[in-house]
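Okay, structure first, notes after.
Computed from a predicted model, the values in this text were never measured in an experiment.
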Amino acid sequence: MALMIRADLGLDPWDVFHQGIASHVPWSFGTVTIVVGAAVLLLWIPLRQRPGLGTLSNVVVIGVAVDASLWLLPTMTWLPGRWTFMIAAIVLNGIAGGCYIGAGLGPGPRDGLMTGLVAKTGGSIRIIRTGIEIAVLGIGWLLGGTVGIGTVLYALSIGPVVHLALPLLTVPSTAPLSTAGSSDDGELPAAA
């Protein structure tokens with residue numbers, strides 16, 4: 001998030017939304033991110049998503065980390081450096097999404113909304129993620145958030161990056177073994 005902000009080529013769609021809200025309230029960018037994350041958790045209720053440790057940590061950690069990163073990262077003025085920041089932000093965010101969703105400790109609120117809609121509809125991660133990104137982008141833009149070439153590239157590429165990263169970074173489930181349903185030939189029952 002901070003890399004996209006410092007690249008100054010347009011924010012990712014959620015951050016256009018966060019910036020739009022931040023322009024109407026007296027909160028830091030990170031605080032708005034935390035409040036929006038908590039509000040998005042309410043959208044999980046009809047999707048029957050369950051938050052995990054990763055989910056709850058994400059709500060707080062992302063907001064604190066973006067405020068700290070903005071404090072540490074310089075404003076990039078050199079155009080190749082700005083493009084490097086933007087591309088790095090997209091790739092790293094996609095990989096990070098694959099890592100924490102794949103860890104099985106609960107996705108972040110925004111990614112849980114995506115995975116909940118995928119589970120509910122049977123749709124593709126890339127299509128649903130891109131749809132969510134475009135919706136929050138539109139609302140954020142109407143609220144006054146900044147849109148640029150980085151916004152378009154992020155909206156069109158984050159879904160495919162997460163789609164590629166998630167299977168590579170998913171930790172296999174290690175369900176506890178039980179004797180119920182085991183056969184005499186030593187084979188374990190098929191996983192449910």
Side-chain angles (χ1 to χ4, degrees), residues 1-25 27-37 39-40 43 58-102 107-115 117-118 124-166 168-169:
M1 293 168 75
L3 285 168
M4 287 289 289
I5 292 167
R6 291 297 188 234
D8 196 27
L9 292 168
L11 300 176
D12 68 80
W14 277 103
D15 288 341
V16 171
F17 183 68
H18 297 140
Q19 184 184 51
I21 292 172
S23 69
H24 297 283
V25 297
W27 301 336
S28 73
F29 194 87
T31 300
V32 170
T33 303
I34 292 168
V35 171
V36 168
V40 170
L43 297 175
N58 181 287
V59 171
V60 176
V61 171
I62 296 297
V64 171
V66 74
D67 278 347
S69 297
L70 286 170
W71 181 76
L72 290 170
L73 282 171
T75 300
M76 183 57 67
T77 56
W78 184 53
L79 189 58
R82 291 169 57 199
W83 275 89
T84 301
F85 270 20
M86 183 191 62
I87 291 166
I90 294 168
V91 172
L92 291 172
N93 197 7
I95 292 170
C99 283
Y100 73 78
I101 294 168
R110 296 153 192 85
D111 289 318
L113 179 62
M114 172 193 66
T115 57
L117 287 170
V118 167
S124 162
I125 289 175
R126 88 186 90 189
I127 291 170
I128 289 176
R129 176 67 182 246
T130 302
I132 291 169
E133 299 290 327
I134 290 169
V136 296
L137 169 62
I139 295 166
W141 178 73
L142 290 173
L143 291 171
T146 304
V147 176
I149 186 67
T151 309
V152 174
L153 290 175
Y154 188 96
L156 296 175
S157 61
I158 193 64
V161 174
V162 172
H163 186 82
L164 291 172
L166 189 55
L168 299 172
L169 300 169

[Y] backbone acceptor or donor facing [X] side chain under 3.5 Å:
X    : Y    : value
T146 : G10  : no
E133 : Y154 : no
R129 : M114 : no

Is there a side chain to side chain contact (heavy atoms under 4.5 Å, CB included) between L169 and I95 once you walk through the steps? CA-CA 8 Å; L169 300 169; I95 292 170; 4.1 Å; yes

Verify side chain to side chain contact (heavy atoms under 4.5 Å, CB included) between W27 and I34, making sure each step is shown before the conclusion. CA-CA 11 Å; W27 301 336; I34 292 168; over 6 Å; no

Rounded at 0.5 Å granularity, tell me how far [atom1] in [X] sits from [atom2] in [Y].
X    : Y    : atom1 : atom2 : answer
S157 : L164 : OG    : CG    : 11.0 Å
I90  : L153 : CD1   : CG    : 5.5 Å
I132 : D111 : CD1   : CG    : 8.5 Å
M76  : F85  : CE    : CZ    : 3.5 Å
H163 : T130 : NE2   : OG1   : 10.5 Å
I5   : D12  : CD1   : CG    : 8.0 Å

For the student: nearest non-hydrogen atoms of [X] and [Y], plus distance:
X   : Y    : answer
L3  : A89  : CB-CB, 3.7 Å
M4  : L11  : CE-C, 3.8 Å
T33 : R110 : O-NH2, 2.9 Å
L79 : L9   : CD1-CD2, 4.4 Å

Let me see the working for W71 and D67 under side chain to side chain contact (heavy atoms under 4.5 Å, CB included), right down to the final yes or no. CA-CA 6 Å; W71 181 76; D67 278 347; over 6 Å; no

Find out whether [X] and [Y] are in side-chain contact, i.e. whether some heavy atom of one side chain is under 4.5 Å from a heavy atom of the other.
X    : Y    : answer
V40  : W14  : yes
R6   : L70  : yes
V147 : L137 : yes
P109 : N58  : yes
I149 : W83  : yes

Evaluate the side chain to side chain contact (heavy atoms under 4.5 Å, CB included) criterion for residues V16 and V136: first the C-alpha distance (whole Å), next the side-chain angles of each, then the deciding distance (0.1 Å), finally the verdict. CA-CA 8 Å; V16 171; V136 296; over 6 Å; no

For R126, I'd like to know if atom CZ has over 12 heavy atoms of other residues, nucleotides or ligands within 6.0 Å.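 Check fails, neighbour count at 12 or below.
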
